[in-house]
Amino acid sequence: MPEKKKLGRPTDNPKGQSMHVRLDAECAEILAKYCEQEGTSKMEATRRGIKKLKSDLKK
């Protein structure tokens, strides 16, 4: 049987992890303002925020 071809856009950084987040009103407003200012999606802004936490990790 031939291998099934994957659908979707090819990427060098597949995003296989999924999560659901509930935000309070203040966090939702900050996120919305940031996304508008930077012209980015909520998910991209969230990824950027998570990456900023890396410097706080204890080695």
Side-chain angles (χ1 to χ4, degrees):
M1 182 178 272
E3 192 174 320
K4 276 184 136 181
K5 191 169 184 172
K6 292 183 180 180
L7 297 177
R9 192 178 308 167
T11 180
D12 292 334
N13 186 14
K15 294 162 182 70
Q17 301 292 317
S18 176
M19 64 185 265
H20 175 87
V21 179
R22 296 177 68 94
L23 302 175
D24 59 31
E26 180 186 14
C27 288
E29 183 179 348
I30 292 168
L31 181 59
K33 286 181 179 180
Y34 178 86
C35 291
E36 184 178 338
Q37 173 184 297
E38 299 298 316
T40 190
S41 69
K42 289 180 182 178
M43 287 313 307
E44 180 56 31
T46 303
R47 286 185 202 101
R48 290 178 187 179
I50 291 170
K51 287 179 181 178
K52 284 187 175 190
L53 296 174
K54 188 175 183 178
S55 64
D56 291 345
L57 291 174
K58 295 180 181 168
K59 300 190 181 204

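For the numbers below, each heavy atom of this structure counts, side chains included, while hydrogens, waters and symmetry mates do not.
By the side chain to side chain contact (heavy atoms under 4.5 Å, CB included) test, R48 pairs with Y34, E38, T40, E44, sequence neighbours left out.
Within 6.0 Å of the CG atom in D56, the count of heavy atoms belonging to other residues, nucleotides or ligands exceeds 12. Other residues, nucleotides and ligands contribute more than 12 heavy atoms inside 6.0 Å of the NZ atom of K15.
Only one option out of E36, Q37, E29 pairs with K33 in a side-chain hydrogen bond (donor to acceptor under 3.5 Å, both in side chains); it is E29.
The hydrophobic cluster around V21 extends to M19, L23, L31, counting ILVMFWY residues whose side-chain heavy atoms fall within less than 4.5 Å of a member.
When all heavy atoms of S41 and C35 are compared, the pair lying nearest together is O-SG, 3.5 Å.
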